[in-house]
Amino acid sequence: MASTTSPIVSKILHLSDLELALLLCLVSREHGIITTPSACLSLLTTELSLVATRTFGLTCSIIDCTPSTTLDDFASALLLPPKSAQQPQQPDYFVHSPQRSVHASPLSPSSQIANCILAKNLNLAPKSVQIQALELLRTRRIFTRTSVQIAPKQFIFIPVLEAEAPGKGERVTSHLNDFFSLAHWHDPDEGFVNIDEEDEADEVERGFAGGVNRRDGSHSALIPESEISHLAQLSQQVQVDIEVTRYQMNIVSFLRMHRAVADGITPNATKHLDKLMRCLAPLHGVDFVAPALVGVAVKKVYLHRIRITSPEDERSMQWGSKLEAVAAILADMGPEEVVEDVLGMVTAPI
């Protein structure tokens with residue numbers, strides 16, 4: 001397996017953290033949440049649009065959600081303009097004008113849903129819009145006043161939300177939140193690779209920015225759909241030893257019982273964990289799940305799901321613990337800290 005994936009793996013080694021996050025979504029055929037501090041939210045959205053178009057050759061639409069976003073606004077912003085729909089591999093429009101208003105273009109019979117939807121500030125949208133987003137993800141279709149739009153085969157929906165630290169930010173509604181397979185927090189100190197290269201490019205290079213691969217100057221996507229499909233097929237052939245499965249289940253059990261976790265851990269999260277750790281294997285050029293890959297998958301799957309309990313509701317309060325002591329323990333506890341705590345408690349198989 002390593003020999004057949006070696007060219008792909010060599011590409012993957014050079015991807016940024018944001019490119020890896022989108023690649024995981026594409027390989028697993030699942031959706032993810034990406035967060036960053038509020039000051040960098042617009043930069044992150046632009047960077048993700050460039051990643052979608054340049055690295056993976058996807059068409060991309062951006063929905064800038066607000067409390068006044070309507071269902072019609074949401075449906076319209078999902079669709080590509082007719083010209084882009086006819087030429088899905090020409091992303092110049094999205095590179096040079098990555099931000100589409102939710103009031104952008106009227107529905108057209110010739111329009112189609114973009115491959116990549118970036119829902120900026122989706123948590124601010126009314127509950128009805130978030131429910132519509134969940135229905136789109138569940139059924140891969142959306143009903144408009146004039147037609148039924150079907151999502152393309154390659155389709156990822158990425159809420160881009162504010163969070164000052166991993167797992168510490170605003171969230172979408174609970175059922176929608178649980179539908180997202182993974183979450184990634186982008187540290188602004190790690191930079192925005194594609195934006196930086198756009199700024200450094202001269203006038204001639206900018207003229208080709210929509211179709212030029214930033215690594216070799218070619219006009220094709222760095223990782224095309226054929227390679228993503230190949231990685232997806234390999235993930236289904238990945239072997240998981242019984243000891244690794246036991247390790248995975250022990251982690252889930254410890255997360256459910258952790259004193260800082262409120263509302264437990266959903267079964268859907270466990271399914272996503274199993275799928276994601278299998279998808280990580282071919283990205284590393286192996287056909288088995290090592291314990292280390294389980295740890296990586298856990299950090300991605302539970303970051304947006306874990307809710308920290310209030311000191312008053314922490315279970316040891318029932319047995320006479322002092323509120324001040326419990327509050328001190330939970331003061332600096334967040335989803336990332338809970339995951340690290342559990343990974344430190346559960347012994348990995350050798």
Side-chain angles (χ1 to χ4, degrees), residues 21-22 24-25 28-38 41 44-45 48 61-78 100 102-103 113-114 116-144 149 151 155-186 255-256 260-273 275-276 300-310 313 334-336 338-339:
L22 262 65
L24 269 177
C25 291
S28 63
R29 308 296 186 189
E30 298 286 351
H31 312 280
I33 296 173
I34 300 184
T35 60
T36 200
S38 57
L41 196 63
L44 174 61
T45 306
L48 288 171
S61 288
I62 297 175
I63 308 174
D64 196 355
C65 299
T66 69
S68 60
T69 300
T70 67
L71 292 173
D72 285 344
D73 292 335
F74 179 78
S76 296
L78 294 172
R100 291 185 66 201
V102 293
H103 303 284
I113 297 176
C116 176
I117 306 296
L118 303 176
K120 182 181 176 183
N121 289 319
L122 181 61
N123 59 294
L124 299 180
K127 188 175 181 179
S128 60
V129 172
Q130 297 189 42
I131 292 173
Q132 183 68 71
L134 175 59
E135 191 66 14
L136 170 65
L137 301 187
R138 286 182 61 254
T139 64
R140 298 180 61 86
R141 66 183 63 189
I142 189 169
F143 294 87
T144 70
Q149 297 292 337
F155 177 65
I156 51 175
F157 187 99
I158 309 291
V160 186
L161 310 179
E162 297 179 4
E164 298 308 312
K168 298 180 180 179
E170 297 297 325
R171 303 191 182 192
V172 295
T173 57
S174 59
H175 291 294
L176 177 58
N177 184 77
D178 191 44
F179 200 88
F180 291 105
S181 174
L182 61 89
H184 174 75
W185 185 78
H186 180 69
L255 283 171
R256 285 177 174 155
V261 175
D263 304 326
I265 299 297
T266 66
N268 205 34
T270 306
K271 294 179 181 178
H272 285 153
L273 174 60
K275 189 174 186 179
L276 191 63
K300 295 297 181 185
V301 169
Y302 294 102
L303 187 64
H304 63 298
R305 289 184 163 98
I306 293 174
R307 297 182 182 274
I308 303 301
T309 189
S310 63
D313 296 328
E336 187 177 43
V338 170
V339 169

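For the numbers below, each heavy atom of this structure counts, side chains included, while hydrogens, waters and symmetry mates do not. Keep in mind the model is a prediction, meaning the values are calculated, not measured.
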Indicate yes or no for a side-chain donor-acceptor contact from Arg305 to the backbone of Asp178 under 3.5 Å, with no hydrogens or angles considered.
yes
Within the distance-only criterion (no hydrogens, no angle test), does the side chain of Trp185 pair as donor or acceptor with the backbone N or O of Ala163 below 3.5 angstrom?
yes
Atom CG in Asp313, atom OG in Ser310: separation rounded to 0.5 Å?
3.5 Å
Which atom of Gly167 lies closest to which atom of Pro335, heavy atoms considered
O-CG, 3.6 Å
Test item: His31 side-chain N/O and Phe157 main-chain N/O as donor-acceptor pair under 3.5 Å
yes
Got a second to check how far Ile34's CD1 is from Thr45's OG1, nearest 0.5 Å?
9.5 Å
Quick check: do Val261 and Thr309 have side-chain heavy atoms less than 4.5 Å from each other?
no
Is there a side-chain contact between Leu134 and His175 (heavy atoms, below 4.5 Å)?
yes
Side chains of Val129 and Thr70 in contact at under 4.5 Å (non-hydrogen atoms)
no
Between CD of Gln132 and CG of Leu137, what distance do you get to the nearest 0.5 Å?
10.5 Å
For Lys168, I'd like to know if atom NZ has over 12 heavy atoms of other residues, nucleotides or ligands within 6.0 Å.
yes
Sub-4.5 Å side-chain heavy-atom contact between Thr173 and Phe179:
no
Heavy atoms of Ala77 and Ser61 approach each other most closely as O-CB, 3.3 Å
Sub-3.5 Å donor-acceptor pair from the side chain of Asn177 to the main-chain atoms of His304, do we have one?
yes
Nearest heavy-atom approach of Leu118 to Val160 is CB-CG2, 4.3 Å
State whether the side chain of Lys120 and the backbone N or O of Cys65 hold a donor-acceptor pair below 3.5 Å, judged by distance alone.
no
Partners meeting side chain to side chain donor-acceptor pair (under 3.5 Å) with His184 (sequence neighbours left out)
Asp17, Lys300
Considering all heavy atoms, the nearest Cys25-Ile158 contact:
SG-CD1, 4.0 Å
Just by modelled atom types, is the Leu136 backbone N or O under 3.5 Å from a matching donor or acceptor in the Arg140 side chain?
no
Answer yes if the ring centres of His272 and Phe180 are under 6.0 angstrom apart, and no otherwise.
no
List the steps and the verdict of side-chain contact (heavy atoms from CB on, under 4.5 Å) for Leu24 and Leu276.
CA-CA 8 Å; Leu24 269 177; Leu276 191 63; 3.7 Å; yes
If you measure from CD1 on Ile306 to CZ on Arg256, what distance do you get to the nearest 0.5 Å?
12.0 Å
Between atom SG of Cys116 and atom CD1 of Ile156, what is the distance when rounded to the nearest 0.5 Å?
4.0 Å
Mark yes or no for whether Gln130, through its side chain, and Ala125, through its backbone, hold a donor-acceptor pair below 3.5 Å.
yes
Polar side-chain atom of Thr69 near backbone of Thr66 as donor-acceptor pair, under 3.5 Å:
yes
Is there a side-chain contact between Leu303 and Val339 in this structure, where contact means two heavy atoms from C-beta onward sitting under 4.5 Å apart?
no
Are Glu162 and Asn121 packed together at the side-chain level, in the sense that at least one heavy-atom pair is separated by less than 4.5 angstrom?
yes
Under 3.5 Å: donor-acceptor pair, side chain of Glu164, backbone of Ser38
yes
Counting only heavy atoms not in Glu135 (residues, nucleotides, ligands), do more than 12 fall under 6.0 Å from its CD?
yes
Ile131 and Leu176: CA distance, side-chain angles, deciding distance, side-chain contact (heavy atoms from CB on, under 4.5 Å) verdict
CA-CA 7 Å; Ile131 292 173; Leu176 177 58; over 6 Å; no
Please find the pair of heavy atoms, one from Leu161 and one from Leu122, that lie closest to each other, and give the distance.
CD2-N, 3.6 Å
So Phe155 and Ile117, do their side chains get closer than 4.5 Å, heavy atoms only?
yes
Answer whether the closest heavy-atom distance between the side chains of Asn123 and Pro159 falls below 4.5 Å.
no
Arg29 side, atom CZ; Ser181 side, atom OG - distance, nearest 0.5 Å
13.5 Å
